[in-house]
Amino acid sequence: EFENGQPIGNGNILVQVVNKPVKEALDQSHTGFMLGYWFDSDDIRWQEFLPTYDNLSSIEIYLGRDGNPGNAIIEIRTLENHVLAQNFINESDIHRYGWVRVEYSEPLSLVPGIKYRIYVYSDQPSSTPENRYFWFGDRDSPYDSNCETDLFYFMPDFDYAFRTSAIPN
């Protein structure tokens, strides 16, 4: 409190900082997931995306897990194979099937209209078919036909299930 422009009381000041919540915007997505393709440390899956925002605040991919396939690794790379971000997801944090989300404490800087790739693999080889991860997607995808996947030569109309989000400026 103040009296005549001077603080009164014992001089303690309470400062309350209120952080403005950051609102994400969905940027790119393909959410169909009828088919799953397995991956491990040797069989790596990837999906291209074409951002419209200049940053990436989070991604989500639709994964499945059978048995004990190790930890999953999700990366964002340029087409020149430069790794922009790498995240390890503990096996115990990935359920039988569902969306796996990675949030970046500082949004990644991207160039709108330039393709990037989401890579996913595990930290160990698949010992048996009962111990594997799967990234799900769908054929006849409505997602950008100029964006490819690792399956492009066999199924050019296939896209993995993913969502990218950004912080609008």
Side-chain angles (χ1 to χ4, degrees), residues 19 21-53 55-78 81-110 115-144 147-168:
N19 290 327
V22 176
K23 184 92 170 158
E24 281 189 316
L26 180 66
D27 188 9
Q28 301 294 301
S29 71
H30 171 67
T31 56
F33 50 86
M34 295 299 294
L35 302 169
Y37 289 91
W38 69 278
F39 63 88
D40 64 7
S41 59
D42 299 318
D43 294 286
I44 298 169
R45 302 293 174 200
W46 55 265
Q47 167 75 50
E48 292 179 351
F49 68 99
L50 195 63
T52 60
Y53 287 96
N55 68 83
L56 178 66
S57 57
S58 68
I59 63 166
E60 294 174 89
I61 61 176
Y62 196 89
L63 297 182
R65 180 184 69 124
D66 285 339
N68 299 300
N71 301 310
I73 301 165
I74 301 173
E75 295 179 342
I76 302 299
R77 298 186 192 180
T78 65
N81 226 18
H82 175 71
V83 177
L84 301 177
Q86 181 183 65
N87 297 87
F88 289 79
I89 311 298
N90 289 327
E91 176 184 293
S92 61
D93 293 332
I94 300 175
H95 304 287
R96 179 102 168 103
Y97 298 100
W99 290 98
V100 174
R101 182 177 171 88
V102 173
E103 296 178 354
Y104 302 104
S105 56
E106 289 294 323
L108 303 179
S109 190
L110 303 180
K115 291 182 194 177
Y116 295 86
R117 287 183 178 165
I118 302 166
Y119 277 76
V120 64
Y121 56 98
S122 69
D123 63 357
Q124 65 185 37
S126 174
S127 57
T128 66
E130 292 80 27
N131 292 290
R132 290 186 174 158
Y133 282 113
F134 299 85
W135 189 1
F136 284 83
D138 207 359
R139 290 182 173 171
D140 300 322
S141 168
Y143 188 64
D144 191 327
C147 289
E148 300 175 356
T149 71
D150 59 285
L151 301 172
F152 178 75
Y153 293 106
F154 304 106
M155 291 191 301
D157 59 346
F158 179 87
D159 283 299
Y160 290 107
F162 75 98
R163 296 187 283 231
T164 67
S165 294
I167 306 298

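Quantities reported herein were computed from a predicted structural model and do not represent experimental measurements.
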How close do [X] and [Y] get, heavy atom to heavy atom, and via which atoms?
| X | Y | result |
| --- | --- | --- |
| P125 | S41 | N-OG, 3.0 Å |
| Q124 | S122 | O-OG, 2.8 Å |
| R132 | T128 | CG-O, 3.7 Å |

Pick out which of R77, R117, Q28 makes a side-chain hydrogen bond (donor to acceptor under 3.5 Å, both in side chains) with E48.
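Of all the options given, the one that passes is R117.
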
About how many Å separate [atom2] of [Y] and [atom1] of [X], when rounded to the nearest 0.5 Å?
| X | Y | atom1 | atom2 | result |
| --- | --- | --- | --- | --- |
| I59 | I118 | CD1 | CD1 | 5.0 Å |
| Y53 | S109 | OH | OG | 15.5 Å |
| F49 | T149 | CZ | OG1 | 14.5 Å |
| L84 | Y116 | CG | OH | 6.5 Å |
| E24 | T164 | CD | OG1 | 9.5 Å |
| I76 | H82 | CD1 | NE2 | 12.5 Å |

Give a yes or no answer on whether the side chain of [X] reaches the backbone of [Y] with a donor-acceptor pair at less than 3.5 Å.
| X | Y | value |
| --- | --- | --- |
| S29 | T31 | no |
| N131 | N68 | yes |
| S165 | S58 | no |
| D123 | G70 | no |
| D40 | D43 | yes |
| R45 | W38 | yes |
| N71 | E91 | yes |

Only one of Y121, Y133, W46 passes ring pair (Phe, Tyr, Trp, His ring centres under 6.0 Å) with F39; say which it is.
Y133

Parallel, tilted or perpendicular: which describes the rings of Y160 and F158, with under 30° parallel and over 60° perpendicular?
perpendicular

Is there a side-chain contact between [X] and [Y], using heavy atoms and a 4.5 Å cut-off?
| X | Y | answer |
| --- | --- | --- |
| P156 | E148 | no |
| I74 | W135 | no |
| N87 | Y104 | yes |

For the aromatic rings, using the six-membered ring if either is Trp, is the centroid distance between Y62 and W99 under 6.0 Å?
yes

Aromatic contact, Y97 with F33 (centres under 6.0 Å):
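Centroid distance Y97-F33: not below 6.0 Å, so no.
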
I would like to know whether I44 and D150 meet side-chain contact (heavy atoms from CB on, under 4.5 Å); could you show each step before the answer?
CA-CA 8 Å; I44 298 169; D150 59 285; over 6 Å; no

Considering residues, nucleotides and ligands other than R101, do more than 12 of their heavy atoms fall under 6.0 Å from its CZ?
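Atom CZ in R101 is packed in, count exceeds 12.
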
